[in-house]
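Below: one structure, written as structure tokens.
Remember, predicted model here, so these are calculated numbers, not experimental data. Lettering follows sequence order; numbering is per chain, from 1.
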Number of protein chains: 2
Amino acid sequence: MIPNFSQAEENYIKNIYHLQQSTGFVTTNELSAALNTKPASVTDMLKKLKLKKLLNYEPYKEFQLNALGKKVALGIVRKHRLWEYFLVEKLQFGWDEVHEVAEELEHISSKKLIEQLDSFLNYPRFDPHGDPIPDSNGKMSVQQQLLLTELPLNRFSEVTSVGSQSTELLELLKHKNISIGTRLEVKRKFSFDQSTELELENKVRVNISEQLASVLFVKEL
Amino acid sequence: MIPNFSQAEENYIKNIYHLQQSTGFVTTNELSAALNTKPASVTDMLKKLKLKKLLNYEPYKEFQLNALGKKVALGIVRKHRLWEYFLVEKLQFGWDEVHEVAEELEHISSKKLIEQLDSFLNYPRFDPHGDPIPDSNGKMSVQQQLLLTELPLNRFSEVTSVGSQSTELLELLKHKNISIGTRLEVKRKFSFDQSTELELENKVRVNISEQLASVLFVKEL
DNA sequence: AATTTTTTTTAGGTTTGTCTAAATTTTATT
DNA sequence: AATAAAATTTAGACAAACCTAAAAAAAATT
Ligand SMILES: [Mn+2]
Ligand SMILES: [Mn+2]
Ligand SMILES: [Mn+2]
Ligand SMILES: [Mn+2]
């Protein structure tokens, strides 16, 4: 049986998991930035997580979660995303309001709670930001998705996820009336600034900057 | 604005609140028993809660929450009971399984979360144990209820709440097929041991001990 | 290859919430 | 009223999770 971890431990584990998705490894400074703590505090926790056999770590080296660590991380990600889905679908939260609350809810320890919640929500496969929700075995759906910047002109497509969850981004998307599930086509690309003209489902045209297009993932329909 | 309190502080506040319901005052030993901590730890926390102006406390004296303390306590009780209701009504928990989970959920801090949850649940007025749920202003319904031991013979009545939530009690009630909302009549009282014969709605007769009868609250119909 | 800069760790503190053991105060009993 | 018992507080420690400042190691630059 997997033991329980403290809220602090869980936050470290989850953040290591996300950071190691890109290169497979994480550095002390990266992690301290992600967690808003000092590098010295990270070192303390790395020793503890190594002792608890969740982490491959040698002093001064990059580190990564081992199999057990990843399993624990997926459990936390699962809880986080299920709660986000609950907040949006059942409690009328905006998709830009759920992250902080889920940051707390993800640490509730009851196993039964999360299984019943999953069932109550009808086993959703993606959270409100388009990120996949691991099932109780840690498996998650992959969506073949591409960046909006890579989408050719005049192809029907649907927004599947966003590359960041900063309030700033979500505020801008809300203003432009774009969210997960929005249908759109790219109508023009302007080479001067790489900005893009989109046509939304209701035929409304909106212009988005290259910075914005490069954090929107879509799938062709 | 009311500041946020730590999980430990909230558990102390809530327990003081419940304990002072009977005599208006609480002692160090009572509280340490309720919280499963040592009296010395209680003294430490009492000083802190007094400093934060939630508590009337002088060394070696009994203590009680002041108005602000009670307000904070009611907020925690509200969250606890709403979550219990959610677990039973939406997530298929048994009424004897919800307490521990609610013990964690009651500390989630989002104000919006609890208001939306209340609305989602349709503003329930009683939790699964029959205890009243404070509204967002701290007001709660009172139920004119009497102890089953005080109920005269042959009066139609309904179980409204239980005087304890120990697993032992809930196990026994489940075995006897009694829960909140069960309709019953007292048919006989045996003076030898004060045990009582009940008739349930389905005409089934069950015998309950004096100890059990004295923790069941009912209202006449 | 030597030097500088950056990254990481170590050493030593702090706060919160707990504990044990001893001291003090209050309450009960003789 | 004196003494014994019980309740409470104080003193001193400890673990978890953080911090700052200094030391050590690794990486980058000259
Ligand atoms: Mn979190
Ligand atoms: Mn998300
Ligand atoms: Mn609690
Ligand atoms: Mn209850």
Side-chain angles (χ1 to χ4, degrees), chain A residues 3-16 19-20 22-65 69 72-73 76 103-104 106-109, chain B residues 3-16 19-20 22-65 69 72-73 76 103-104 106-109:
Chain A
N4 276 353
F5 299 98
S6 72
Q7 193 152 324
E9 288 168 338
E10 290 191 344
N11 284 332
Y12 276 90
I13 294 164
K14 193 184 66 168
N15 276 277
I16 296 169
L19 290 171
Q20 79 181 27
S22 35
T23 59
F25 286 93
V26 186
T27 68
T28 301
N29 269 357
E30 271 171 18
L31 186 52
S32 90
L35 287 163
N36 252 292
T37 59
K38 301 294 159 174
S41 308
V42 170
T43 302
D44 287 348
M45 186 61 87
L46 292 177
K47 287 184 195 160
K48 188 153 49 131
L49 295 180
K50 177 179 183 171
L51 211 69
K52 295 195 175 186
K53 304 206 178 308
L54 302 173
L55 195 64
N56 299 323
Y57 165 66
E58 295 303 327
Y60 295 103
K61 299 260 175 66
E62 300 185 316
F63 47 88
Q64 63 184 171
L65 295 175
V72 172
I76 304 162
E103 205 54 52
E104 288 184 53
E106 70 190 357
H107 304 293
I108 303 291
S109 62
Chain B
N4 276 353
F5 298 98
S6 72
Q7 194 152 322
E9 288 168 337
E10 289 192 345
N11 283 333
Y12 276 89
I13 293 164
K14 191 184 66 168
N15 276 278
I16 296 169
L19 290 171
Q20 78 181 27
S22 36
T23 58
F25 287 93
V26 186
T27 68
T28 300
N29 269 357
E30 271 173 16
L31 186 52
S32 91
L35 286 164
N36 253 293
T37 59
K38 301 294 162 177
S41 309
V42 170
T43 303
D44 287 347
M45 185 61 87
L46 293 177
K47 288 183 194 161
K48 188 153 50 128
L49 295 180
K50 177 178 182 171
L51 212 68
K52 296 195 174 186
K53 305 204 176 308
L54 301 174
L55 194 65
N56 300 322
Y57 166 65
E58 295 303 327
Y60 294 103
K61 300 260 175 66
E62 301 186 314
F63 46 88
Q64 63 184 171
L65 295 176
V72 172
I76 305 162
E103 206 54 53
E104 288 184 54
E106 70 190 355
H107 305 292
I108 304 291
S109 63

Does [X] reach the side chain of [Y], with side-chain heavy atoms less than 4.5 Å apart?
X        : Y        : value
B:Leu31  : B:Phe63  : yes
A:His107 : B:Glu104 : no
B:Tyr57  : B:Leu49  : no
B:Phe5   : B:Ile76  : no
B:Ile108 : A:Ile108 : yes
B:Tyr12  : B:Val42  : yes

Write down the distance between [atom1] ([X]) and [atom2] ([N]), rounded to a whole number of angstrom.
X       : N      : atom1 : atom2 : result
B:Lys38 : C:dT20 : NZ    : P     : 5 Å
B:Glu58 : D:dT9  : CD    : P     : 11 Å
A:Leu49 : D:dA16 : CG    : C1'   : 13 Å
B:Lys50 : D:dT9  : NZ    : P     : 11 Å
A:Leu31 : C:dT8  : CG    : C1'   : 13 Å
A:Leu46 : D:dC18 : CG    : P     : 12 Å
B:Met45 : D:dT10 : CE    : C1'   : 18 Å
B:Gln7  : C:dT18 : CD    : C1'   : 15 Å

Over all strands shown, is [X] touching base, sugar-phosphate only, or nothing at heavy-atom distances under 4.0 angstrom?
X       : answer
A:Lys61 : nothing
A:Phe63 : nothing
B:Thr37 : sugar-phosphate
B:Pro39 : base

Is the distance from OP1 or OP2 of [N] to the nearest side-chain N or O of [X] less than 4.0 Å?
X       : N      : result
B:Ser41 : C:dT18 : no
A:Lys47 : C:dT10 : yes
A:Tyr57 : C:dT9  : yes

- Note on the structure: Regarding the side chain of A:Ala40, the nearest nucleotide among C:dA11, C:dC19, D:dA25 is C:dA11
- Message: Which nucleotide wins on minimum distance to the side chain of B:Tyr60, given the candidates C:dT24, C:dC19, C:dT9?
- Response: C:dT24
- Could you list by number each residue of residues 22-30 of chain B showing a heavy-atom separation from DNA chain D of less than 4.0 Å, or answer none if no residue does? B:Thr27, B:Thr28, B:Asn29
- Closer to the 5' end of DNA chain D via nearest nucleotide, is it A:Ala8 or A:Pro59? A:Ala8
- Query: What distance separates A:Leu55 CG from A:Gln20 CD, expressed to the nearest 0.5 Å?
  - Reply: 8.5 Å
- Item | Worked check of side-chain contact (heavy atoms from CB on, under 4.5 Å) between B:Glu10 and B:Val72 | CA-CA 8 Å; B:Glu10 289 192 345; B:Val72 172; 5.7 Å; no
